[in-house]
Amino acid sequence: MKYPKIDLKTIRLQARQFQAENPRLLLVYLLPSMLVILSGFLNPLARLQDSVLEQSFFSMLAQVLQVYLFPLVVSFMSTIFLAGAAFATLRLLKDPDTELSVKSSLALFAEERFSQTFLTLLLKRFYLFLWSIPNLVGVYFLFYSNLLARRFVALHPEFPKLDLSSLETEQFLMTFGLYFFASLILMIVGNILYVPQHYAYSQVEFLLCDTLDLGQAKPSQILKTSRFLVKGYKFQRFVLDLQLLPWYFLNWLTFGIASFSILPYIQSSQIIFYRTLLALKRRKV
């Protein structure tokens with residue numbers, strides 16, 4: 001079945017024009033940008049010690065969860081703020097007279113909207129977490145192989161000038177190789193499984209915002225609709241992200257400070273892509 005292509009160059013041009021015509025859009029993305037900057041300085045891996053891998057699985061899991069708890073909360077809150085900014089942006093696209101302010105990104109924290117927003121975004125995160133499990137196991141194996149290598153080098157300062165025929169060296173190389181190559185395979189397979197699912201649910205926030213204006217909808221239904229909407233267009237959505245990659249890189253170079261200007265453009269591009277996608281699917285139906 002052939003799907004008509006979306007002109008991504010036009011999408012990006014429309015996003016630039018939209019941002020130029022609405023300079024107050026920067027205010028809408030002020031709070032989400034601040035959370036992006038904050039999350040950039042949170043590195044939970046730096047707080048984990050190598051000794052965590054020597055503990056039992058449940059002790060290790062408890063320590064990892066403890067370290068990741070605050071960054072996860074910040075990340076989830078930034079998702080709600082971004083969805084609130086998308087809500088305001090969609091309203092602005094429909095009605096150019098919509099008033100914009102810093103408080104616009106708080107729109108989804110309103111009592112009548114928050115429960116559906118929270119449950120929908122939480123369900124999306126849970127599904128994506130399940131798809132990321134092979135990748136996470138691969139990362140664990142990579143850390144474990146790194147720990148084995150450090151231990152071996154500490155016990156053998158003469159490394160790498162070792163007798164490779166010795167039983168101890170052979171056992172180390174076999175064990176290290178097993179964990180290292182298993183980690184690579186799991187991370188490759190994990191990403192192959194995860195990336196399509198990431199794009200399958202990429203329209204959830206925008207569908208949620210449109211749904212909140214129309215009435216209540218089940219979180220599971222919104223996720224199913226996102227999968228239907230993006231069917232045949234995952235690759236184009238991926239290409240759009242590739243085209244926006246220089247802006248992501250610039251944001252990384254500036255430690256998130258550039259997000260005050262970049263985030264409205266990126267989000268606008270994704271929202272205009274969503275609206276174009278919606279129009280194409282409605283035409284087919």
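The first residue in the sequence is number 1, and the count goes up from there.
- Legend: residues meeting salt bridge (charged side-chain N to carboxylate O under 4.0 Å, His left out) with Arg275, ordered by chain and number and at least two apart, are absent.
- Two rings, from Phe273 and Tyr233, have their centers 6.0 Å or more apart.
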Task: Test side chain to side chain donor-acceptor pair (under 3.5 Å) applied to Tyr29 and Ser261, step by step - done: CA-CA 9 Å; Tyr29 288 89; Ser261 175; over 6 Å; no
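- Residue Gln236 holds its CD atom at 9.0 Å from CD1 of Ile11, rounded to the nearest 0.5 Å.
- Counting only residues at least two apart or on different chains, no salt bridge (charged side-chain N to carboxylate O under 4.0 Å, His left out) pair has a member in residues 247-270.
- Residues satisfying the ring-ring contact (aromatic ring centres under 6.0 Å, His included) test with Phe176, not counting sequence neighbours, are Phe172, Phe180.
- Under the 4.5 Å side-chain criterion, counting only non-hydrogen atoms from C-beta, Gln197 is not in contact with Leu193.
- Through direct or indirect side-chain contacts shorter than 4.5 Å among Ile, Leu, Val, Met, Phe, Trp and Tyr, Leu253 is connected to Phe249, Trp252.
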TODO: Determine, stepwise, if the pair Phe118 / Phe76 fulfils ring pair (Phe, Tyr, Trp, His ring centres under 6.0 Å).
DONE: CA-CA 9 Å; Phe118 182 83; Phe76 190 70; 5.4 Å; yes
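- Residues Leu31 and Met34 are in side-chain contact: their nearest non-hydrogen atoms beyond the backbone lie under 4.5 Å apart.
- With values rounded to the nearest 0.5 angstrom, Leu263 atom CG is found 10.0 Å from Ile37 atom CD1.
- Among residues two or more places apart in sequence or in another chain, the ring-ring contact (aromatic ring centres under 6.0 Å, His included) test is passed with Phe260 by none.
- Hydrophobic clustering, defined by side-chain heavy atoms of Ile, Leu, Val, Met, Phe, Trp and Tyr closer than 4.5 Å, leaves Leu26 isolated from every other such residue.
- A side-chain hydrogen bond (donor to acceptor under 3.5 Å, both in side chains) check over residues 95-117, counting only residues at least two apart or in different chains, returns the pairs Gln116-Gln216.
- In this structure, the side chains of Asn135 and Leu186 stay at 4.5 Å or more apart for every pair of heavy atoms.
- Tyr127 is linked by a side chain to side chain donor-acceptor pair (under 3.5 Å) to nothing, counting only residues two or more places apart in sequence or in another chain.
- A salt bridge links Asp210 to Lys94: at least one charged side-chain nitrogen sits closer than 4.0 Å to a carboxylate oxygen.
- Annotation: the span from Ser145 atom OG to Tyr140 atom OH amounts to 11.0 Å, rounded to 0.5 Å.
- Under the 30°/60° scheme for interplanar angles, the aromatic rings of Tyr194 and His198 are found to lie parallel.
- The line from OH of Tyr3 to NZ of Lys234 is 9.5 Å long, rounded to the nearest 0.5 Å.
- With sequence neighbours left out, Phe87 forms a ring-ring contact (aromatic ring centres under 6.0 Å, His included) with no residue at all.
- Between the side chain of Lys281 and the backbone N or O of Val230, no donor-acceptor pair lies under 3.5 Å.
- Atoms CD and CG, from Gln267 and Leu25 in turn, are 9.5 Å apart once rounded to the nearest 0.5 Å.
- Tracing side-chain contacts under 4.5 Å through hydrophobic residues (I, L, V, M, F, W, Y), one reaches Leu240 starting from Phe235; they form part of the same cluster.
- Using a 4.5 Å cut-off between side-chain heavy atoms of Ile, Leu, Val, Met, Phe, Trp and Tyr, with links allowed through other members, Trp131 and Val189 fall into the same hydrophobic cluster.
- A donor atom on one side chain and an acceptor atom on the other are not found under 3.5 Å apart for Arg16 and Ser269.
- At most 12 non-hydrogen atoms from other residues, nucleotides or ligands lie less than 6.0 angstrom from CZ of Phe238.
- Distance check: Leu277 CG to Leu229 CG gives 4.0 Å after rounding to the nearest 0.5 Å.
- The salt bridge (charged side-chain N to carboxylate O under 4.0 Å, His left out) contacts involving residues 17-28 comprise nothing, where partners must be two or more places apart or lie in separate chains.
- Residues that satisfy the ring-ring contact (aromatic ring centres under 6.0 Å, His included) test with Phe109, not counting sequence neighbours, are Phe81, Phe114.
- Side-chain contact between Leu178 and Phe141 is absent, with no heavy atoms from C-beta onward closer than 4.5 Å.
- Residues Leu82 and Leu35 are not in side-chain contact: their nearest non-hydrogen atoms beyond the backbone lie 4.5 Å or more apart.
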Review item, side-chain donor-acceptor pairs of residues 199-208, under 3.5 Å, at least two apart:
{"residue": "Tyr199", "atom": "OH", "partner": "Asp241", "partner atom": "OD2", "Å": "2.8"}
{"residue": "Tyr201", "atom": "OH", "partner": "Arg227", "partner atom": "NH1", "Å": "3.2"}
{"residue": "Ser202", "atom": "OG", "partner": "Tyr199", "partner atom": "O", "Å": "2.7"}
{"residue": "Glu205", "atom": "OE1", "partner": "Lys124", "partner atom": "NZ", "Å": "3.1"}
{"residue": "Glu205", "atom": "OE2", "partner": "Lys124", "partner atom": "NZ", "Å": "2.9"}

